[in-house]
Amino acid sequence: MGRPTTRRGDLPPIDARRSRDSAGAVLRAVLDHGPIARSSVARVTRLSAASVTGVVSSLLDRGLMCEVPEAAGPPGIGRPHVPLDIQVEGAAVIGVHIAVPRITVSLLDLRGRIIAQVQEPHGRTDPASVIATVAARIATLRRRHPRRRVLGLGLATGGWVDSLTGTIVEHPALDWRDVRIGAALAEATGLPVRTDNNSRALLRAELLFGAVAGRARESAVHLFVGNVVDVAFATGGAIHQGPRSASGAVAHLPVEGCREACSCGRVGCLQAAVSERVLVRRAMTAGLIDRPEIPALVKAAADGSAGALELLRDRARLVGRAAALLLDLFDPEVLVVAEAGANQLPECLATLRAEVAAWSSAGAEMERVVHPSSFPGTVLAVAGGAVALDQVYASPLDLGVRLRAS
Ligand SMILES: [Zn+2]
């Protein structure tokens, strides 16, 4: 017996899919090149002029795009060559980041720029209390920006996050397990919610708006170092999720000579060696800072504290070794490291690159391949929003349909 013949009715609806994809392609072309004429959008996307005209009209209707007066010459609304740009005035997304010591809630425009953000410590850290706090802060932010039309909510956090079901499977530092946070926040806010882990969220931001987005879309690895450590990788602009959404867990990579206890029960894991809590504790003990926060340590180093700089360079060396391993493992076009010191202090970035060069055997040109985050000092505010914006740019018309239906 052979296999039954696939019938036409069994195939996915190609036309529906193509129209959604082309809307995303048009919106991304305008994001990359705007202001840009319709004819140029057709050239960049390889769509017909008629398709572009149709899609643009839908995107203008939904307020995701706008027509702008040409820089040279008089404005002429309605003329076919009026350039298009991303509409950054009306639509926005909410970003939520849940870290170990604090919650960040932000409002981002469609170019991923921060309109407003609130960053405050947790009260209690049990899931129900955190979800209630997040919902209250979102409500406050929306009240302060009543003219912003919020398209969706993106949430990023550390640990193991299943973005398909919107579940934080495991967050050891917060001691959370199987928290269905996506559904809870959707109910509390009435917004469509997408969730992902830190690194995948920030890689989405790099692919959309990053300093080396063009090359990152070829292939990219993103290493996030905060209180948790995680990794994401993408090829052809698509982020690998893994069948269990578990890709990128490097927290427990053994670090030689490290005696810090890890949340996993072992000693000497990468996450324990480089976590911000450990770092600021050391800085407090050494009298280098007066509050246990990483921005304080970065500021002390920037202001000339040799001790603060050396602590951060020590961490950059440890991170550099892990980054070297990732570079050899994936051989990406771009390796982005989101780490507070390397992102904000040139000395730390130089230390990081030197350490990657010393430990990598891939022979890559460090200045070309190893990059700091494109969002220095604002990674937490950008991360969550990028998860929502990724959806907007993937299928902007689909989003509209879902929003109207809900
Ligand atoms: Zn561990």
Side-chain angles (χ1 to χ4, degrees), residues 97-102 122 125-127 130 156-163 167-179 181 195-203 221-233 240-285 292 294 297 311-330 335-342 352 355-356 359-360 379-380 383:
H97 185 273
I98 299 175
V100 179
R102 69 187 79 87
H122 296 285
T125 58
D126 61 288
V130 169
T157 187
W160 180 1
V161 179
D162 183 350
S163 42
T167 306
I168 298 175
V169 181
E170 193 174 39
H171 194 309
L174 281 171
D175 200 19
W176 286 12
R177 243 169 235 284
D178 292 322
V179 177
I181 195 157
T195 36
D196 219 332
N197 77 0
N198 289 322
S199 254
R200 289 199 290 258
L202 286 167
L203 183 48
V221 171
H222 189 281
L223 170 60
F224 175 90
V225 181
N227 269 315
V228 297
V229 179
D230 52 41
V231 168
F233 74 99
H240 178 74
Q241 205 80 29
R244 289 161 296 276
S245 261
S247 74
V250 291
H252 309 293
L253 205 68
V255 172
E256 208 180 276
C258 170
R259 282 183 295 278
E260 290 289 341
C262 180
S263 58
C264 72
R266 285 177 291 241
V267 163
C269 299
L270 176 66
Q271 185 163 286
V274 300
S275 94
E276 288 181 354
R277 276 192 298 194
V278 171
L279 197 67
V280 296
R281 194 187 66 212
R282 282 192 200 136
M284 290 288 283
T285 307
I294 193 85
L297 183 61
L311 269 183
L312 286 166
R313 290 186 68 202
D314 278 345
R315 176 159 87 154
R317 284 186 198 98
L318 289 174
V319 172
R321 290 190 198 182
L325 188 71
L326 294 169
L327 189 63
D328 290 357
L329 193 59
F330 294 99
L335 170 67
V336 178
V337 181
E339 188 269 329
L352 173 80
E355 201 70 10
V356 180
W359 287 80
S360 163
V379 288
L380 302 185

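Whatever order the structure lists them in is the order used to number ligands and atoms, beginning at 1.
Evaluation of the side chain to side chain contact (heavy atoms under 4.5 Å, CB included) rule for Ala201 yields Ala156, Ala383, Val387 as partners, not counting sequence neighbours.
For the pair Ser360 (side chain) and Asp328 (backbone), a donor-acceptor distance under 3.5 Å is absent. Checking side-chain atoms of Asn197 against main-chain N and O of Trp160 turns up no donor-acceptor pair under 3.5 Å.
Protein N/O/S atoms closer to the Zn ion (ligand 1) than 2.8 Å number 4 in this structure.
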Contacts table for residues 245-252: side-chain donor-acceptor under 3.5 angstrom, sequence neighbours left out:
from, atom 1, to, atom 2, distance (Å)
Ser245, OG, Asp162, OD1, 3.4
Ser247, OG, Arg200, NH1, 3.3
Ser247, OG, His240, O, 3.2
Ser247, OG, Gln241, O, 3.4

Residues 169-179 side chain polar contacts: donor-acceptor under 3.5 Å, at least two apart:
from, atom 1, to, atom 2, distance (Å)
Glu170, OE2, Arg177, NH1, 2.9
Glu170, OE2, Arg177, NH2, 3.1
His171, ND1, Leu174, N, 3.2
Trp176, NE1, Thr125, O, 2.7

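Taking every heavy atom of both residues into account, Leu312 and Gly341 meet most closely at CD2-CA, 4.3 Å.
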